[in-house]
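The structure presented is a predicted model; accordingly, all values stated were derived computationally and were not measured.
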Amino acid sequence: MSDSSPESAAAPVLDVWCELQCPDCRSALDDLRALRDRYGDRLELRLRHFPLEKHRHAFAAAQAAEEALEQGQGWPYVEAVLGRVEELDRKGEEFLVEVARELGLDAEEFDTALIDGRHILIVDADQAEGKAIGVTGTPTYVVGGERLDGGKSQEGLRRRIEEIVDRLLAEQGA
């Protein structure tokens, strides 16, 4: 996380409304990596869940991502799952636990979390908030009060996000 000294303003937040069984979200990974490389701690990338009904493993995958976050490997887990969407389609929850094991996470805890539903409220809250602000598909980005829909096209979105973040950082004097 970023340095939270009192004189430093909070980093701008980029909310990424995503679903882990979504090929369009996989396409967005390169943009997200580039944004992380460019801004580092000066931009907070926040994964927000928006599982779509058409993908039957998306809700479980969102819960698994929350467990990965709790175990300190949120983004590496998200990237690993998104990179192999077809396997998630085929194998479902078994695949989610398999990826956890591959990353050296506590796979048994993943299994338990998927059974006991400890992360359902977070996923439900994200989805409700997404619907409330007009998210209809994934990926959708929200930064500086502006919503950008990546489900239709990723074309030019990273440039637009960079313009907004650069403006926000300039306003903070960062």
Begin with the C-alpha distance, continue with both residues' side-chain angles, and end with the deciding distance and a verdict on salt bridge (Lys or Arg N to Asp or Glu O under 4.0 Å) for Arg84 and Glu98.
-> CA-CA 12 Å; Arg84 295 156 60 190; Glu98 186 181 305; 3.7 Å; yes
Check: Gln172 side chain, Ala10 main-chain N or O, donor-acceptor pair, under 3.5 Å = yes
Ignoring hydrogens and angles, tell me if any N or O in the side chain of Ser27 forms a donor-acceptor pair with the backbone of Pro23 under 3.5 Å.
-> yes
Does the side chain of Gln71 pick up a donor-acceptor pair with the side chain of Asp106 at under 3.5 Å?
-> no
Answer with yes or no whether the hydrophobic clustering places Leu20 together with Val123; edges join I, L, V, M, F, W, Y residues whose side-chain heavy atoms lie under 4.5 Å apart.
-> no
Decide yes or no on side-chain contact (heavy atoms from CB on, under 4.5 Å) for Leu105 and Tyr77, but give the supporting numbers first.
-> CA-CA 9 Å; Leu105 298 170; Tyr77 185 83; 4.3 Å; yes
Is there a donor-acceptor contact under 3.5 Å from the side chain of Gln21 to the main chain of Val85?
-> no
Do side-chain atoms of Arg147 reach the backbone of Ile133 as a donor and acceptor pair under 3.5 angstrom?
-> yes
Shared ILVMFWY cluster between Leu29 and Leu103, side chains joined below 4.5 angstrom?
-> yes
Single-linkage hydrophobic cluster Val16~Val142, side-chain heavy atoms < 4.5 angstrom | no
Short side-chain donor-acceptor distance under 3.5 Å, Glu67 and His119 | yes
Do Arg56 and Glu93 meet the salt-bridge criterion of a basic N to acidic O distance under 4.0 Å?
-> no
Using the rule that two of Ile, Leu, Val, Met, Phe, Trp, Tyr join whenever any of their side-chain heavy atoms come within less than 4.5 Å, decide whether Leu88 and Phe110 are in one cluster.
-> yes
Identified side chain to side chain contact (heavy atoms under 4.5 Å, CB included) partner of Gln63 from the options Leu114, Leu96, Asp116, Ile122 = Leu114
Geometric cation-pi criterion, Arg36 with Trp75: 6.0 Å, 45° | yes
Hey, are His55 and Glu19 close enough side-chain-wise for a donor-acceptor pair under 3.5 Å?
-> yes
For the residue pair Arg159 and Glu163, establish whether any side-chain heavy-atom pair is separated by less than 4.5 Å.
-> yes
ILVMFWY cluster, Leu43 and Leu47 together (side-chain gap under 4.5 Å) | yes
Would Tyr39 and Asp166 count as having a side-chain donor-acceptor pair, cut-off 3.5 Å?
-> yes
